[in-house]
Amino acid sequence: MKRIHRIAVIPGDGIGTEVIAEGIKCLKTLSEIFEDLQFQFEYFTWGSEYYLQHGKMMSGDGLKILKNFDAIYLGAVGDPRIPDDVTLHGLLLPIKMGFDLYVGLRPVYLFRGVESALANISEDEIDMVVIRENTEGEYSNIGGIIGIEEGELALQSGLFTRKGIERIVTFAFEYARDKGRKKVTSITKSNAQRYGMVLWDRIVKEVASRFPDIKTESKLIDAACMDVVRNPKGYDVIVASNLFADILSDLTASVTGGMGLAPGASFNPKDKTYPGFFDPVHGSAPDIAGKGLANPLAAILTAKLMLDYLGESEAADLLSHAIKQNLSERKVRTVDLGGRSRTDEVGDDVVRILRSLSLTVPFQI
Ligand code: NAD
Ligand code: IPM
Ligand code: MN
């Protein structure tokens, strides 16, 4: 029996279109290798060009349309011609928030064949997962700007609910336990942010008491930024609010090969009524867009996370091994990793490796 997964593909802006093409190439190859595995891809041209034509980032009933898919695969959003808050609040954030995809999962791993920006760190020595609260916190969108000229006033509120904190922190501990990880580090700024983050710290203590087998640690964001760079080996699972985990996920990417290797997944682990949402951590990178310079591996690693979510563990494992082999061979790689290959050449190389791995029976992965 064929397992058919319906995927909404939103390539988006800038390098988003370039890297998603490579991810789709890999997924199509996997469906040739695993005969029971099938994808139905439906493409949506939503994004900044669409905005310039229609005055909105996606069609008015966009969420209703997306609701019918199993997963959404998005490249990136953002265009220098349009204010970023307009583009992101018009497409990416309404999907995560509207579908209540409260878990943001961003694995951080120093692959063999990739050099860290840090001295004295070698392959495989950084292995952590940033778990981001995706639906509230600093991104709650509560506030406004009033007044004019000297009288202008902006109010921006953070929203921290017991339910929202409890569910993301519980997920972090359950994830640690399921994956055999040893420690959860919660990161806040409760010395200055007296309400939301004090509540967060208190709930972390409550939840941690239910997981005596997992070590718990609480850090302040400023000290944590310093320490993640000084001692990345000391981190395992990190859980943090929407904004802090956003910042941390670029920081942790920078010590494991950069934005070209940082994948992301957003989903609701308790309820699959709405599709999971999969996009690399990076943005549309206007500085390199259209030049074939973008590293597609973040998007391909993101496709791997999508396969995990869809329950396709064999295909996910094969893809993961193909990516690892591409990196450890150090031959076909983009400029950000010190290579000379173009975006599509890296995608083609992963496809080549997928095919060669699939010829070994059982798969040598
Ligand atoms: P960015 O992640 O797009 O780029 C930061 C730096 O990393 C740039 O120098 C870029 O060239 C490099 N880079 C990023 N991805 C790369 C890849 N795959 N391969 C090689 N190099 C890569 O961040 P930014 O410049 O702050 O943002 C650009 C636009 O993207 C903005 O409009 C921003 O709002 C938007 N953005 C969107 C998302 C998203 O859609 N998920 C995420 C972050 C930023
Ligand atoms: C990310 C991005 C987005 C976020 C922005 C572009 C709104 O930085 O996915 O990491 O912070 O959610
Ligand atoms: Mn970000």
Note to self: Using the salt bridge (Lys or Arg N to Asp or Glu O under 4.0 Å) criterion, which residues pair with Arg167? Sequence neighbours excluded.
What the structure shows: Asp100
Check: Should we say atom CD of Glu115 is surrounded by more than 12 heavy atoms from elsewhere, each under 6.0 Å from it?
Finding: no
Next item on the list: Would you check if Asn242 and Met97 make a side-chain contact, meaning some heavy-atom pair closer than 4.5 Å?
Entry: yes
Next item on the list: Quick one: closest heavy-atom pair of Met58 and Pro94, and the distance?
Entry: CE-CB, 4.2 Å
Check: For the residue pair Phe277 and Phe99, is the inter-centroid distance of their aromatic rings smaller than 6.0 Å?
Finding: no
Check: Donor-acceptor pair, Ser249 side chain versus Ala245 backbone, under 3.5 Å?
Finding: yes
Note to self: Under a 3.5 Å cutoff, is there a donor and acceptor pairing between the side chains of Trp200 and Ser186?
What the structure shows: yes
Next item on the list: Examine Leu220 and Ile165 and state if one hydrophobic cluster contains both, with Ile, Leu, Val, Met, Phe, Trp and Tyr joined whenever side-chain heavy atoms are less than 4.5 Å apart.
Entry: no
Check: What's the shortest heavy-atom distance between Ser320 and Lys304, and which atoms?
Finding: CB-CE, 3.9 Å
Next item on the list: State the CZ-CG distance between Arg132 and Leu243, to the nearest 0.5 angstrom.
Entry: 8.0 Å
Checklist line | Donor-acceptor contact below 3.5 Å, side chain Arg112 vs main chain Lys324 | finding: no
Next item on the list: State, yes or no, whether a side-chain contact exists between Ile238 and Val108 at a heavy-atom distance under 4.5 Å.
Entry: no
Margin query: Assess whether a salt bridge exists between Asp344 and Lys25, defined as any Lys/Arg side-chain N lying under 4.0 Å from an Asp/Glu carboxylate O.
Written below: no
Note to self: Check whether Thr256 reaches the backbone of Leu110 with its side chain - one donor and one acceptor, N or O, closer than 3.5 Å.
What the structure shows: no
Item checked: Pairwise distance CG(Asp13) to CE(Met57) - rounded to 0.5 angstrom -> 5.5 Å
Check: Is any side-chain heavy atom of Leu305 closer than 4.5 Å to a side-chain heavy atom of Pro107?
Finding: yes
Check: Is Leu261 linked to Val130 within one hydrophobic cluster, defined over Ile, Leu, Val, Met, Phe, Trp and Tyr using a side-chain heavy-atom separation of less than 4.5 Å?
Finding: yes
Next item on the list: Work out which heavy atom in Ser190 is nearest to a heavy atom in Val198; give both atom names and the distance.
Entry: O-CG2, 3.7 Å
Next item on the list: Check each of Ile131, Asn134, Thr135 against Ile168 using the side-chain contact (heavy atoms from CB on, under 4.5 Å) test, and report the only one that passes.
Entry: Ile131
Note to self: To the closest 0.5 Å, what do you measure between NZ (Lys182) and CD1 (Ile214)?
What the structure shows: 7.5 Å
Notebook entry, point to check: Between Phe41 and Phe39, how do the two ring planes meet: parallel, tilted or perpendicular, split at 30° and 60°?
Noted result: parallel
Check: Side chains of Thr343 and Glu22: do they bring a donor and an acceptor to under 3.5 Å?
Finding: no
Next item on the list: State whether the side chain of Gln38 and the backbone N or O of Ser31 hold a donor-acceptor pair below 3.5 Å, judged by distance alone.
Entry: no
Margin query: Testing the basics here: between Asp279 and Gly75, what is the closest heavy-atom pair and its distance to 0.1 Å?
Written below: CB-O, 4.3 Å
Item checked: Between Gln325 and Glu329, a side-chain donor and acceptor under 3.5 Å -> yes
Note to self: With heavy-atom distances below 4.5 Å as the criterion, would you say the side chains of Glu133 and Glu138 are in contact?
What the structure shows: no
Next item on the list: Could you tell me the separation between the OG1 atom of Thr188 and the NZ atom of Lys219, rounded to the nearest 0.5 Å?
Entry: 11.5 Å
Margin query: What's the separation between atom OG1 in Thr334 and atom CZ in Arg340, rounded to the nearest 0.5 Å?
Written below: 13.5 Å
Check: Transitively linked via ILVMFWY side-chain contacts under 4.5 Å: Ile353 with Leu327?
Finding: yes
Notebook entry, point to check: Are any of the side-chain heavy atoms of Lys67 and Tyr274 separated by less than 4.5 Å?
Noted result: yes
Notebook entry, point to check: Is the number of heavy atoms from other residues, nucleotides or ligands within 6.0 Å of CG (Leu155) greater than 12?
Noted result: yes
Check: Does the pair Asp201/Lys205 count as a salt bridge with the N-to-O cut at 4.0 Å?
Finding: no
Next item on the list: Treat each ILVMFWY residue as a node, draw an edge where side-chain heavy atoms are under 4.5 Å apart, and state whether Met259 and Leu337 are in one component.
Entry: no
Item checked: Derivation and outcome, salt bridge (charged side-chain N to carboxylate O under 4.0 Å, His left out), residues Glu345 and Lys331 -> CA-CA 11 Å; Glu345 290 170 335; Lys331 283 190 205 131; over 6 Å; no
Check: Would you find a donor on one side and an acceptor on the other, under 3.5 Å apart, between the side chain of Asn268 and the backbone of Asp271?
Finding: yes
Check: Think Lys163 forms a cation-pi with Tyr102, using NZ or CZ under 6.0 Å from the six-ring centre and within 45 degrees of its axis?
Finding: no
Item checked: Electrostatic pair Arg177:Glu174 at N-O distance under 4.0 angstrom -> no
Notebook entry, point to check: Within a strict 4.5 Å, meaning less than it, do heavy atoms of the Ile203 and Val207 side chains meet?
Noted result: yes
Next item on the list: Kindly compute the distance separating CD1 (Ile221) from CD1 (Ile187), expressed to the nearest 0.5 Å.
Entry: 5.5 Å
Check: Do Val281 and Leu293 sit in the same hydrophobic cluster, where Ile, Leu, Val, Met, Phe, Trp and Tyr count as joined when their side-chain heavy atoms come under 4.5 Å apart?
Finding: no
Check: Of Phe69, Tyr73, Phe267, Tyr309, which meets ring-ring contact (aromatic ring centres under 6.0 Å, His included) against Phe278?
Finding: Tyr309
Note to self: Looking at Ser140 and Ser157, would you say the former's side chain and the latter's main chain have a donor-acceptor pair under 3.5 Å?
What the structure shows: yes
Check: Given Phe44, which of Leu91, Ile10, Leu74 fulfils the side-chain contact (heavy atoms from CB on, under 4.5 Å) condition?
Finding: Ile10
Checklist line | Tyr175 side chain reached by Val184 side chain, heavy atoms, under 4.5 Å | finding: no
Check: Between Glu314 and Arg3, is the closest basic N to carboxylate O distance under 4.0 Å?
Finding: no
Note to self: side-chain contact (heavy atoms from CB on, under 4.5 Å) for Met306 and Thr302? Distances and angles first, verdict last.
What the structure shows: CA-CA 6 Å; Met306 184 162 73; Thr302 297; 5.9 Å; no
Check: For the residue pair Phe111 and Tyr109, does the interplanar ring angle fall in the parallel (under 30°), tilted (30 to 60°) or perpendicular (over 60°) class?
Finding: perpendicular
Check: Does any donor atom in the side chain of Asp79 or Tyr51 lie under 3.5 Å from an acceptor atom in the other side chain?
Finding: no
Margin query: Within the supplied structure, the quantity of interest is the number of heavy atoms (other residues, nucleotides, ligands) at a distance under 6.0 Å from Lys215 NZ; does it exceed 12?
Written below: no
Next item on the list: Decide yes or no for Ser59 and Tyr50: does some side-chain heavy atom of the first lie under 4.5 Å from some side-chain heavy atom of the second?
Entry: yes
Note to self: Please check: side-chain N/O of Lys291 versus main-chain N/O of Asp287, any donor-acceptor pairing under 3.5 Å?
What the structure shows: yes
Check: Does the Ser328 side chain pair with the main chain of Gly113, one donor and one acceptor, at a distance under 3.5 Å?
Finding: no
